[in-house]
Amino acid sequence: MRQFGFFKTRQPTTVINPLGIGHMRSAESESTVVIGRSDDLEKTVAIVLGQAQSEAKAVAVLPILGEDGFGKATLTQLIYTDARIQSHFQVKSWVRVYDKLNIAHVTKSITDLTTMGPVPVLMDAMDLIRQCLWAELTGKRYLLVLINVLNEKTDNWEQLKPVLDCGCPGIMILVTTRSFKVASIMGTMTEYILKELNDDDMWGIFRQRAFGMGVHEWPKLVEIGKQLMNKCCGSPLAATILGGSLSYKNDEREWLDVLESNIWDDVAVDNQIVPVLKMGYLSSPSYMKRYFAICAIFPKDFEIDRDTLIELWMAHSFIPSGGETEMEAKGIEVFNELAWRGFFQDVKKKRKKMGFIVCRMHDLIHDFEKSVVGSEYASLLNLYQQNNLSTETLHMSTCYKPGIVSILQRFSFIHTLLDFGYTVDLNERIIDYLRQSHLLDLSTANSLRAVSLYCTSISHIHDIPKILKHLRYLDLSDCSFSMELPESSSTLYSLQTLNLNNCRDLECLPKGMRHMRSLRYLYLDGCFVLGRALATWSW
C-alpha cells in the first residue's frame, strides 16, 4: 500500500488506450499486438538462435541499425519476449545505455536483473562484481540487450567486452543503434538494418490511432490520411503521433489544414520526423502543452511514474479543483490523452507494484520537448550545467547529487527541484558524498512547490521555515534519517503529498500532522521503526 491511515486511497486505473510505437497494449493484460515488423522479428530470431546454438565461445554481437523512430527498441523487445528466445536463453538482461557505455552501469544493470540481485557499484568492488557476474553466467546461455548505444569511442567497448566474455558458448548480445560506426565497433555479425515500414503497416498504425477515439472513418478523411502518411517517412513513431493528433478532429477542414500546413515545407531540420512532432505538439490544446511541458525535467529514458506525475501537476495547480470529478481522475484523463497522442511510450503496469502505471518518453520526443519549452525547464546531468541556468528557470531536476545544496542556495526562485538519486557517471565517487551526514536547509527556497530529495543522507532536517507556504509536494523517500521530522513540518498547510517510503530509521511523525488539512497522500512503506510506533499512535 502506498497510502496510510486516514488519507484518501488512490485506486489503480487500467489504461486501455493503444500505447507504444505501432502496437496496442492493455495495461491489465500486458498483451501486445504489433502492427508491422513481423518479418523482421522472424529474421532476427532466426539469426539469434542460429548463432546461439553454435559452439563458438566468443561473444556474438548483432547490431540492429536504424533511424530514430523506426522502432528498434520495439523490435528488440519483441525478440526478447519471444517464446523461442525465452526457452533457449537461461539468463537474459535488458540495459539502456545512451551516451556512455559505462562498465559500472552495464554490469550493475545486469546483476540487478539476474538472480544475483542488486550489487552496490563501487569502483573498488568492480573485480568482485566481475567475479559474481562470471559465476552467474558460467555454463548458461545468456542474452544481453544493449539499447540505444550512441558512444562511438572504441575504448569503452574494449573495456566492457572482457567483463561480459566468460568463455562460455551461447553468449549473445543485441545492440540497437543509429550509428554505423557503433555497429562496426561492436558488431561481430553483419548488422541488421531496420528499414522504414511499408505503406500498409503505416496505414494500419495511423488508422488505429486516428479513428480510435470516435472519429468516423469517412472516405474523405481516409483519402487525406493516406496523403499524410507520405509525411511520416516510414516511421511508426511518426504515424502514431500524427494519427493521435487527428483523433480529436472530426471535421474534414481540420484534416485539410494539417495536410496543407507550411510545417511540411521546413527543409532545415535534420530529422524528417521533426515536422510530425511539431504538428502533433501544435495541434494539442493549450492546456495539454502545460501538462506535457513539465515532463522536460525528467532525464532521457527515465521511467515516469504516472501517479507521481499527476501529483506534480496537482502541486503546480495545473489540475483545476472543484466540480464533481476528483483531481486524480482528471489527471488520469490527461495522462491517457498524452499517451494516446503518442507523447508517452511503454505505458504499462509496474510488475513489482501491481496497479501502478509507468511510462517513458521517446528520445526524439524528449529532445523536441526540450527545444520548445525553453529555459523554464532544465535537467542537470552534472555540476557544471548549473552555469547555464538563468533566472527564467523555474523547474529543474538533477542527476548529480552533490549539486543539490548549491542549487538550493543559488536558485531560491525555483518552483520545482527533483533529485533522481543517481549520477550519470558512476565512476564518480558519489558514494563518498552519500556516506556523509548533511543538514537539509530549505530556508532560502521560499518559492518551492515541489521538491524531491530521493536517497539522500540527512542527519537532521532543519526546522521547516514558514516561508515554504507554497510547498505541496515533498519526497524524502529512501533518505537516511537519524532524527525525527521537525514539528514545524506540520505547518506546511498547503502540502498535498509527503513521501517517506523506505526511511527505515525514521522514528516518529510530528504530533501536529493531523492539522495538515491539504495532505492527500502520506507514503510510509518500509518505515520499519516508525511502523512500530504508529501501531500505538492515535489519529
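As a basis for the values below, the full set of heavy atoms in this structure was taken, side chains included, without hydrogen atoms, waters or symmetry mates.
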Chemist: Which pairs pass ring pair (Phe, Tyr, Trp, His ring centres under 6.0 Å) with one or both residues in residues 212-233, sequence neighbours excluded?
Modeler: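 Of all non-adjacent pairs touching residues 212-233, those that pass ring pair (Phe, Tyr, Trp, His ring centres under 6.0 Å) are H216-W218.
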Chemist: Would you mind reporting whether E369 and M361 have side-chain heavy atoms less than 4.5 Å apart?
Modeler: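 Yes, at least one pair of side-chain atoms sits under 4.5 Å.
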Chemist: Both conditions, 6.0 Å and 45 degrees, for the charged tip of K43 above the ring of Y192: are they met here?
Modeler: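 Checked: cation-pi criterion not met.
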Chemist: Answer with yes or no after comparing the ring centroid distance for W255 and F211 against a 6.0 Å cut-off, counting only values under it.
Modeler: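 Under 6.0 Å, so yes.
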Chemist: Could you give all pairs that pass the salt bridge (charged side-chain N to carboxylate O under 4.0 Å, His left out) test and reach residues 170-184, with sequence neighbours left out?
Modeler: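 Residue pairs with at least one partner in residues 170-184: D68-R178.
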Chemist: What closest approach, in Å, do W340 and S247 show between heavy atoms, and which atom pair accounts for it?
Modeler: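 The answer is NE1-OG, 3.1 Å.
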Chemist: Within the side chain of S397, is there an N or O that forms a donor-acceptor pair under 3.5 Å with the backbone of I297?
Modeler: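 Yes; judged by distance alone, with no hydrogens or angles, the pair exists.
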Chemist: Is atom CG of D199 surrounded by more than 12 heavy atoms (other residues, nucleotides or ligands) closer than 6.0 Å?
Modeler: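 For D199, atom CG is not crowded (no more than 12 foreign heavy atoms under 6.0 Å).
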Chemist: What salt bridge (charged side-chain N to carboxylate O under 4.0 Å, His left out) pairs are there with at least one residue in residues 239-264, not counting sequence neighbours?
Modeler: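 Residue pairs passing salt bridge (charged side-chain N to carboxylate O under 4.0 Å, His left out), neighbours aside: R253-D257, R253-E260.
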Chemist: State whether R207 and E217 are salt-bridged, where the test is any N-O pair (Lys NZ or Arg NE/NH1/NH2 against Asp/Glu carboxylate O) under 4.0 Å.
Modeler: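 A salt bridge is present here (some side-chain N lies under 4.0 Å from a carboxylate O).
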Chemist: Suppose we call two aromatic rings close when their centres sit under 6.0 Å apart. Are F335 and F344 close by that rule?
Modeler: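 That pair passes the under 6.0 Å test.
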Chemist: Going by an N to O cut-off under 4.0 Å, is there a salt bridge joining R37 and D40?
Modeler: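 Looking at D40 together with R37, the answer is yes, because their closest N to O distance falls below 4.0 Å.
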Chemist: Please report whether the ring centroid of Y142 lies less than 6.0 Å from that of F89.
Modeler: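 No, they do not, as the ring centres are separated by 6.0 Å or more.
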